[in-house]
Colleague: 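Quick one: this structure, given as structure tokens, is what I'll be asking you about.
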There are 2 protein chains.
Amino acid sequence: MQCHHRLTNEEAFERLSTALKRDGARLTAPRKLLLEAALKAKKPFSAEGLMQMAEALSETEKSAAPDLATVYRNLAYFNEIGLLARVDVGGETAIYEVSSKEQDHHHHYFVCRKCGKTEALEACSMSPVESVLKKKGYHGLTHRLEFSGLCPGC
Amino acid sequence: MQCHHRLTNEEAFERLSTALKRDGARLTAPRKLLLEAALKAKKPFSAEGLMQMAEALSETEKSAAPDLATVYRNLAYFNEIGLLARVDVGGETAIYEVSSKEQDHHHHYFVCRKCGKTEALEACSMSPVESVLKKKGYHGLTHRLEFSGLCPGC
DNA sequence: TTAGCTGCAAAGTATTTGCAGTGGT
DNA sequence: ACCACTGCAAATACTTTGCAGCTAA
């Protein structure tokens with residue numbers, strides 16, 4: 001199993017247009033700009049962060065930067081259709097990242113209970129739980145394994 | 001490996017008093033009330049939720065219910081000393097639960113990306129990653145495995 | 001007695017919502 | 001033309017912080 005293989009731009013836009021058609025939703029300029037910004041991101045981002053990235057892009061394109069409320073609304077939509085995945089790492093702000101190509105994509109983190117330091121881990125171990133979920137009717141699965149405790153310095 | 005074996009009340013209070021001594025901190029009435037409330041909880045709780053539970057208890061004891069700010073301060077302290085563990089399940093509010101007896105305690109959840117429905121899972125699979133972390137100097141480890149996707153109804 | 005802790009109130013940050021106007025399809 | 005979507009602004013939710021008085025050790 002492979003980790004961290006994100007969707008390509010083409011795959012992402014195709015997934016979006018399929019969902020849009022299905023939902024009777026529209027491909028607006030802010031929507032497109034936000035997805036482009038998300039795809040360029042090298043790290044998970046917050047709503048605020050995505051808006052700033054879109055802001056930077058909007059100078060290239062002729063459109064204006066999207067409003068924060070619009071960012072939140074689209075983040076929710078992208079998450080719902082599986083384009084982005086919400087990643088809850090200890091902090092107070094919700095952060096997102098582009099979903100992986102594989103259904104069984106997952107992430108490993110370590111979060112220090114004291115200083116909040118986060119470290120990404122490499123090792124992978126696929127859980128047998130996922131197959132149980134699939135049998136129950138869950139779909140579009142993603143999973144995340146997070147460790148917490150105290151880091152060497154704390 | 002066993003799951004969901006929470007600390008007993010005695011163990012919890014002993015862990016607290018040890019930490020208090022070490023930190024030069026004090027066992028105050030609100031602190032005690034909050035821990036008692038947390039220990040009685042049958043489900044993970046938010047700051048608001050813990051305050052309400054403490055409120056209920058405070059009628060039995062003769063003390064008053066703690067202020068919300070005090071709840072947040074103690075939640076942070078309890079989390080730091082490993083008495084409680086912060087559990088980030090999709091939502092916007094931080095929730096906590098009483099830590100397990102074992103160091104390698106973990107939780108399995110499924111969170112629906114659309115309706116937010118959360119389901120607790122039973123299966124366990126210990127990750128080999130934890131031993132790597134221990135070698136690196138991390139301690140007081142806990143881990144959590146969370147699945148997300150769409151539930152049968154969505 | 002001396003800090004740590006608390007309640008209260010105010011500030012700060014994150015996220016959501018109402019609404020009138022704009023723009024995809 | 002219809003209706004989803006947007007920007008703007010206000011509302012809401014959550015969490016943190018400052019401070020003066022209280023109290024455990």
Side-chain angles (χ1 to χ4, degrees), chain A residues 13 16-35 37 44-52 54-55 58 61-81 84 86-96 114-116, chain B residues 13 16-35 37 44-52 54-55 57-58 61-81 84 86-96 115-116:
Chain A
F13 274 101
L16 175 59
S17 74
T18 300
L20 290 175
K21 243 169 275 181
R22 170 171 49 75
D23 299 337
R26 296 166 186 172
L27 180 58
T28 62
R31 193 107 86 193
K32 201 178 150 204
L33 198 57
L34 287 171
L35 180 52
F45 43 82
S46 63
E48 182 75 35
L50 183 59
M51 187 182 67
Q52 289 174 3
E55 221 155 25
S58 72
E61 331 252 334
K62 47 239 170 194
S63 45
D67 189 77
L68 232 202
T70 298
V71 177
Y72 277 108
R73 286 186 277 231
N74 278 293
L75 237 20
Y77 183 63
F78 290 163
N79 181 60
E80 189 181 315
I81 66 178
L84 299 183
R86 182 168 172 162
V87 178
D88 297 294
V89 184
E92 60 296 319
T93 309
I95 63 174
Y96 295 80
K114 191 164 188 178
C115 70
Chain B
F13 274 102
L16 176 58
S17 74
T18 301
L20 290 174
K21 243 169 275 180
R22 170 170 50 76
D23 298 338
R26 297 168 186 172
L27 182 57
T28 63
R31 193 106 86 191
K32 200 177 151 205
L33 198 57
L34 287 170
L35 181 53
F45 43 82
S46 63
E48 182 75 35
L50 182 59
M51 188 182 67
Q52 289 173 3
E55 221 156 24
L57 270 184
S58 72
E61 332 251 332
K62 47 237 170 197
S63 45
D67 188 78
L68 231 203
T70 298
V71 177
Y72 277 107
R73 286 185 279 231
N74 279 293
L75 236 22
Y77 183 65
F78 291 163
N79 181 59
E80 189 180 316
I81 67 178
L84 299 183
R86 182 168 173 163
V87 178
D88 297 295
V89 184
E92 57 299 317
T93 309
I95 63 174
Y96 294 80
C115 68

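Bear in mind that the values here come from a model prediction, so they are computed numbers and not experimental data.
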Colleague: Among C/dT6, D/dT16, D/dC5, which nucleotide has an atom closest to any side-chain atom of A/Ala25?
Modeller: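 Shortest atom-to-atom distance from the side chain points to D/dC5.
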Colleague: Show the nearest heavy-atom pair for residues B/Val71 and B/Met51, with the distance to one decimal.
Modeller: CG2-CB, 3.9 Å
Colleague: Picking from C/dC5, D/dG7, D/dA25, which would you name as closest to the side chain of A/Thr70?
Modeller: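 Taking heavy atoms from C-beta onward, the closest nucleotide is D/dG7.
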Colleague: What is the distance, rounded to the nearest whole Å, between atom CG of A/Leu34 and atom P of D/dC5?
Modeller: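 The answer, rounded to whole Å, is 13 Å.
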Colleague: Please give me the minimum heavy-atom distance between B/Leu34 and B/Ala54, naming the atom from each residue.
Modeller: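 Looks like CD2-CB, 3.9 Å.
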Colleague: For D/dA4, does the base pair up with any side-chain atom of A/Arg26 as donor and acceptor (N or O, under 3.5 Å, distance only)?
Modeller: yes
Colleague: Give a yes/no answer on whether the side chain of A/Thr28 brings an N or O atom under 4.0 Å of OP1 or OP2 in C/dG23.
Modeller: no
Colleague: Atom CG of A/Leu75 to atom C1' of D/dT6: distance rounded to whole Å?
Modeller: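 One finds 16 Å between C1' of D/dT6 and CG of A/Leu75, rounded.
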Colleague: Between C/dG7, C/dT15, D/dT6, which nucleotide has the shortest distance from any of its atoms to the side chain of A/Tyr72?
Modeller: C/dT15
Colleague: Considering non-hydrogen atoms only, spot the tightest contact between B/Arg31 and B/Asn74 and give its length.
Modeller: CD-OD1, 2.7 Å
Colleague: Assuming nearest nucleotide by heavy-atom distance, tell me which of B/Arg73 and B/Ala29 is located more 5' along DNA chain D.
Modeller: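 With B/Arg73 and B/Ala29 compared, the 5'-side residue is B/Arg73.
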Colleague: A/Leu68 has an atom CG; how far is it from atom P of C/dT17, in whole Å?
Modeller: 15 Å
Colleague: To the side chain of A/Asp67, which of D/dC8, D/dA25, C/dC8 is closest?
Modeller: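 When the side chain of A/Asp67 is considered, D/dC8 is the closest of D/dC8, D/dA25, C/dC8.
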Colleague: Without decimals, in angstroms, what is the distance between A/Glu48 CD and C/dA14 C1'?
Modeller: 10 Å
Colleague: So which nucleotide from D/dA9, D/dT15, C/dC8 ends up closest to the side chain of B/Ala69?
Modeller: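 Out of D/dA9, D/dT15, C/dC8, the nucleotide with an atom closest to B/Ala69's side chain is C/dC8.
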Colleague: Give the rounded distance in Å between these two atoms: CG of A/Leu33 and P of D/dT6.
Modeller: 11 Å
Colleague: Spell out yes or no: do the side chain of A/Arg31 and the base of D/dC5 have one donor N/O and one acceptor N/O closer than 3.5 Å?
Modeller: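 It does not, because no donor-acceptor pair links the side chain of A/Arg31 to the base of D/dC5 below 3.5 Å.
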Colleague: I need the minimum non-hydrogen distance between B/Leu50 and B/Phe45, along with the two atoms involved.
Modeller: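 Shortest heavy-atom separation between B/Leu50 and B/Phe45 comes out as CB-CD1, 3.9 Å.
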Colleague: Which heavy atom of A/Arg22 sits nearest a heavy atom of A/Ile81, and at what distance?
Modeller: NH2-CG2, 4.2 Å
Colleague: Given atom CZ of A/Phe78 and atom P of D/dC5, what is their separation to the nearest angstrom?
Modeller: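 Spelled out: CZ on A/Phe78 to P on D/dC5 is 11 Å.
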Colleague: Categorize A/Asp23 for me: base, sugar-phosphate, or nothing, with a 4.0 angstrom heavy-atom threshold over every strand shown.
Modeller: nothing
Colleague: For D/dC5, take OP1 and OP2 only and decide whether either is under 4.0 Å from a side-chain N or O of A/Asn74.
Modeller: no
Colleague: To the nearest Å, give me how far apart NZ (A/Lys32) and P (C/dT25) are.
Modeller: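 Rounding to the nearest Å, NZ of A/Lys32 and P of C/dT25 are 11 Å apart.
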Colleague: Rounded to whole angstrom units, what separation is found between the NZ atom of A/Lys21 and the C1' atom of D/dA4?
Modeller: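 Roughly 17 Å, once rounded to whole Å.
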